[in-house]
Amino acid sequence: DSGVTQTPKHLITATGQRVTLRCSPRSGDLSVYWYQQSLDQGLQFLIHYYNGEERAKGNILERFSAQQFPDLHSELNLSSLELGDSALYFCASSVHTDWSDTQYFGPGTRLTVL
Amino acid sequence: AQSVTQPDIHITVSEGASLELRCNYSYGATPYLFWYVQSPGQGLQLLLKYFSGDTLVQGIKGFEAEFKRSQSSFNLRKPSVHWSDAAEYFCAVGGFLQGGSEKLVFGKGTKLTVNP
């Protein structure tokens, strides 16, 4: 158990819908990272937040957004969902902003778009 | 931009045999390199990482990796594989996006099957 929690574990929805994925980092970690894992694209970095502020953006679509709240939990919002958004979404946390810090991954949320 | 190649999509070894998983990277400076393992239905767990210094890095679960700058490689090894090592292994390189922000770039992964 990494100490990072993600809810829900599974999510099934329809095209065009909007969903919110939630992540609680390890106690004491200030950084939260979001990743998407799909069969065709592999594991891709989406976005990084540190202590409530956005620090880096990767291959995140405009239909996707994220935020980190004062209690440091983070939410990833996916809207206007398409079939291709079906994937496993991971959250990871680390102590600082330095990406060379060990990132601890949550168990993921599996999103299925029908 | 940095990139990572794991040439082997799938490897099968017998329990007790030695293992080497290949990883080649492309990066303009001294890379920061990582190996992660993902068991079925689980998140990723860090096995080991290299930043500088000794090019042979020891990790958890009996794994080690060797950084070879001349070959742009960071191969993962284990002398004797256990059935519980069956999983998918990801190599990653840390670097800077254009504009200065940092990120990890992952390889496509190598799936390891262990035969009894």
Side-chain angles (χ1 to χ4, degrees), chain A residues 1-10 21-26 29 31-50 53-60 66 87-110, chain B residues 1-10 23 25 27 29-53 57-60 63 67 74 87-111:
Chain A
D1 184 359
S2 65
V4 178
T5 59
Q6 290 187 248
T7 57
K9 198 165 185 175
H10 300 277
L21 313 184
R22 182 189 168 102
C23 168
S24 294
R26 292 188 323 150
D29 284 359
S31 272
V32 170
Y33 306 79
W34 285 97
Y35 293 89
Q36 180 195 57
Q37 186 179 34
S38 62
L39 283 176
D40 52 345
Q41 298 289 329
L43 194 62
Q44 292 199 90
F45 165 71
L46 295 178
I47 198 163
H48 169 205
Y49 274 83
Y50 175 76
E53 293 189 4
E54 181 185 305
R55 291 299 296 251
K57 267 187 174 178
N59 301 321
I60 188 166
L88 196 51
Y89 291 84
F90 287 108
C91 157
S93 72
S94 67
V95 178
H96 302 300
T97 62
D98 190 346
W99 53 265
S100 57
D101 279 348
T102 296
Q103 292 185 22
Y104 294 87
F105 281 74
T109 292
R110 183 169 293 282
Chain B
Q2 67 272 37
S3 66
V4 180
T5 302
Q6 293 181 246
D8 304 305
I9 296 173
H10 193 181
C23 172
Y25 66 89
Y27 186 60
T30 300
Y32 290 2
L33 296 159
F34 306 79
W35 273 101
Y36 282 84
V37 61
Q38 183 180 25
S39 298
Q42 303 290 319
L44 280 76
Q45 180 183 24
L46 181 69
L47 286 175
L48 47 76
K49 58 186 178 183
Y50 170 79
F51 294 156
S52 65
V57 181
Q58 301 299 319
I60 63 171
F63 286 92
F67 170 59
F74 188 57
E88 190 152 19
Y89 292 80
F90 293 90
C91 180
V93 61
F96 287 84
L97 294 169
Q98 288 180 339
S101 58
E102 301 169 334
K103 69 167 184 176
L104 278 182
V105 174
F106 286 84
K108 296 286 189 184
T110 297
K111 186 174 181 181

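What you see below is based on every heavy atom in this structure, not just the backbone, and it leaves out hydrogens, waters and symmetry mates. All figures in this text were calculated on a predicted structure; none of them were measured in a lab. Naming: A, B, ... by sequence-line order, numbering from 1 per chain.
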Check A/D101 against B/K49 and note the closest heavy-atom contact, atom names and distance.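 Closest heavy-atom pair between A/D101 and B/K49: C-NZ, 4.2 Å.
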What part of A/Y104 is in contact with chain B, defined as an atom under 4.5 angstrom from a non-hydrogen atom: side chain, backbone, both or neither?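 It is neither, since no heavy atom gets under 4.5 Å.
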Verify the neighbour count for atom CD of A/E53: are there more than 12 heavy atoms of other residues, nucleotides or ligands below 6.0 Å?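 No, because the 6.0 Å sphere around CD of A/E53 holds 12 heavy atoms or fewer from other groups.
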Would you say CD1 of B/I9 has more than 12 non-hydrogen atoms from neighbouring residues, nucleotides or ligands within 6.0 angstrom?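 12 or below, so no.
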Is there a side-chain contact between B/Q38 and A/L88 in this structure, where contact means two heavy atoms from C-beta onward sitting under 4.5 Å apart?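 B/Q38 vs A/L88: side chains touch.
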May I ask you to test the B/Y36-A/L43 pair for a side-chain heavy-atom distance under 4.5 Å?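 No. Closest side-chain heavy atoms not under 4.5 Å.
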Rounded to the nearest 0.5 Å, how far apart are CD of A/Q37 and CZ of B/F106?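 A/Q37 atom CD to B/F106 atom CZ measures 9.0 Å (nearest 0.5 Å).
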Rounded to the nearest 0.5 Å, what separates atom NZ in B/K108 from atom CG in A/D40?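 Answer rounded to 0.5 Å: 7.5 Å.
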Who passes side-chain contact (heavy atoms from CB on, under 4.5 Å) against A/H10, sequence neighbours left out?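 Only A/R110 meet the side-chain contact (heavy atoms from CB on, under 4.5 Å) criterion with A/H10.
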Only counting residues at least two apart or in another chain, list the ones meeting side-chain contact (heavy atoms from CB on, under 4.5 Å) with A/Q44.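 Expected list: A/Q36, A/Q41, A/N59.
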In terms of heavy-atom pairs under 4.5 Å with chain B, which of A/G42, A/C91, A/P107, A/S2 leads?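 The candidate making the most pairs under 4.5 Å is A/P107.
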Side chain / backbone / both / neither for B/L44 at chain A, heavy atoms under 4.5 Å: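 Both parts, heavy atoms under 4.5 Å.
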